[in-house]
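One structure is given here, and the rest of the page talks about it.
FYI, side chains are in, hydrogens and waters are out, and symmetry mates aren't considered; it's all heavy atoms of this structure. Residue numbers count from 1 along this sequence.
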Amino acid sequence: MAYPKHVQRIAELLGQLAGIGPRQAVRLAFSLLEKEDAYCTEFANLLQTMRTQTACCSICFRSMETRGIPHCDICNASGRASDKIMIVEKEPDVETMERSGVFNGLYHITGGVISPLEKQPGDKIRMRELFARVKTHPARSSLEIIIATSNTMEGNQTANYIERILQPLQIKITRLGRGLSTGAEIEYADPLTLEAALKNRR
Ligand SMILES: [Zn+2]
């Protein structure tokens with residue numbers, strides 16, 4: 001038995017999204033089918049608009065609305081400590097960190113972690129961009145890179161890799177202290193844990 005071909009195709013597309021398994025993708029496709037016209041029209045249009053009107057900060061890689069400035073409001077803010085760059089895996093990590101209010105520096109979003117057999121690990125975590133950013137940083141002697149990847153195998157492997165690549169630049173590199181339990185992701189950490197992890201960085 002096959003589903004109608006467009007439902008099938010929508011399910012295939014949804015199944016390519018992070019965290020969506022094949023069965024869930026089919027369920028989502030059918031719930032889209034049951035939605036009202038207005039919902040589907042807005043959804044379809046917005047998908048296009050989102051792509052054209054959302055850009056990526058050229059410094060930290062946060063997403064932002066396109067408005068003729070290449071940098072996000074965090075990178076642009078004057079009151080932040082520009083000599084502290086925290087490396088996180090994904091955008092929600094920045095949101096969690098910002099909500100906790102414990103960090104006042106800048107960010108670099110890797111966009112992923114390195115898995116053991118990665119062929120081009122540097123490309124996957126925007127290492128070239130980070131290296132260039134650190135190398136040309138105006139306050140390199142006081143610069144601190146705080147690695148805040150998840151406390152998972154891949155997160156730690158990514159942290160080791162980052163440390164190794166940045167080492168020749170002779171800057172201070174720290175990692176969040178392990179107030180974060182094994183398997184912990186920054187995204188789901190509470191403010192007190194983050195504050196302790198930041199204070200105990202080494
Ligand atoms: Zn930015």
Side-chain angles (χ1 to χ4, degrees), residues 1-76 86-100 107-130 133 148-159 161-162 180 182-190:
M1 191 197 82
Y3 300 119
K5 71 175 180 189
H6 297 303
V7 174
Q8 186 69 42
R9 183 62 189 141
I10 289 278
E12 280 167 20
L13 292 173
L14 290 169
Q16 290 174 22
L17 299 175
I20 307 286
R23 284 166 191 237
Q24 202 181 3
V26 169
R27 250 187 324 232
L28 285 173
F30 277 109
S31 53
L32 281 172
L33 190 62
E34 286 161 12
K35 283 283 179 193
E36 290 166 8
D37 282 350
Y39 176 95
C40 291
T41 306
E42 185 183 2
F43 197 109
N45 291 338
L46 205 53
L47 208 52
Q48 289 281 356
T49 312
M50 178 179 79
R51 291 193 61 85
T52 54
Q53 300 198 1
T54 309
C56 200
C57 173
S58 64
I59 298 177
C60 72
F61 297 96
R62 274 176 83 216
S63 59
M64 59 182 201
E65 275 156 48
T66 312
R67 50 185 176 161
I69 313 169
H71 309 147
C72 72
D73 49 1
I74 292 182
C75 290
N76 251 345
M86 182 178 286
I87 303 183
V88 295
E89 289 169 17
K90 53 195 187 313
E91 195 127 355
D93 297 347
V94 174
E95 296 311 312
T96 302
M97 200 53 89
E98 287 297 293
R99 231 179 306 122
S100 78
Y107 296 93
H108 171 83
I109 302 177
T110 63
V113 283
I114 300 171
S115 50
L117 296 172
E118 204 73 60
K119 290 204 176 66
Q120 303 275 357
D123 290 349
K124 193 163 174 209
I125 59 170
R126 299 165 174 151
M127 209 53 216
R128 210 184 308 272
E129 292 86 347
L130 179 65
R133 182 178 174 190
T149 48
S150 307
N151 192 11
T152 57
M153 197 189 75
E154 292 188 337
N156 288 324
Q157 194 170 347
T158 304
Y161 179 82
I162 294 169
L180 292 167
T182 305
E185 291 190 39
I186 303 298
E187 182 181 353
Y188 305 114
D190 62 84

Please table the atom pairs, donor to acceptor, closer than 3.5 Å between any side-chain atom in residues 54-67 and protein atoms at least two apart or in another chain.
from	atom 1	to	atom 2	distance (Å)
T54	OG1	M50	O	2.7
S58	OG	P70	O	3.4
R62	NH1	D73	OD1	2.8
S63	OG	E91	OE1	3.4
S63	OG	E91	OE2	2.8
T66	OG1	Q53	O	3.1
T66	OG1	T54	N	3.4
R67	NH2	H71	O	3.1

Under 3.5 Å, side-chain donor or acceptor atoms of residues 13-31 against the rest of the protein: list the pairs with distances, not counting sequence neighbours.
from	atom 1	to	atom 2	distance (Å)
S31	OG	R27	O	3.2
S31	OG	L28	O	3.0

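A distance-only check finds a donor-acceptor pair linking the side chain of R126 to the backbone of I109 [under 3.5 Å].
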(message) Evaluate V94 against I74 for side-chain contact (heavy atoms from CB on, under 4.5 Å), listing each step before the verdict.
(response) CA-CA 10 Å; V94 174; I74 292 182; 4.0 Å; yes

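Within a 6.0 Å sphere centred on CD of Q8, heavy atoms belonging to other residues, nucleotides or ligands number more than 12.
Here the NZ-OG1 distance, from K90 to T96, works out to 7.5 Å after rounding to the nearest 0.5 Å. I87 CD1 to I162 CD1: the interatomic distance, rounded to the nearest 0.5 Å, is 4.5 Å. Taking NZ from K35 and CZ from F43, the interatomic distance works out to 10.5 Å, rounded to the nearest 0.5 Å. Distance check: R99 CZ to D190 CG gives 11.5 Å after rounding to the nearest 0.5 Å.
Residues passing the side chain to side chain contact (heavy atoms under 4.5 Å, CB included) test with D37, sequence neighbours excluded: none. Under the side chain to side chain contact (heavy atoms under 4.5 Å, CB included) criterion, P116 pairs with M153, E154, Q157, not counting sequence neighbours.
Pairs engaging residues 44-58 under the salt bridge (charged side-chain N to carboxylate O under 4.0 Å, His left out) rule: none recorded [sequence neighbours left out]. Applying the side-chain hydrogen bond (donor to acceptor under 3.5 Å, both in side chains) test to pairs two or more places apart or on separate chains, those with a residue in residues 107-117 are E98-Y107, S115-E118.
The only member of I125, V113, T158, I186 that meets side chain to side chain contact (heavy atoms under 4.5 Å, CB included) when paired with E89 is V113.
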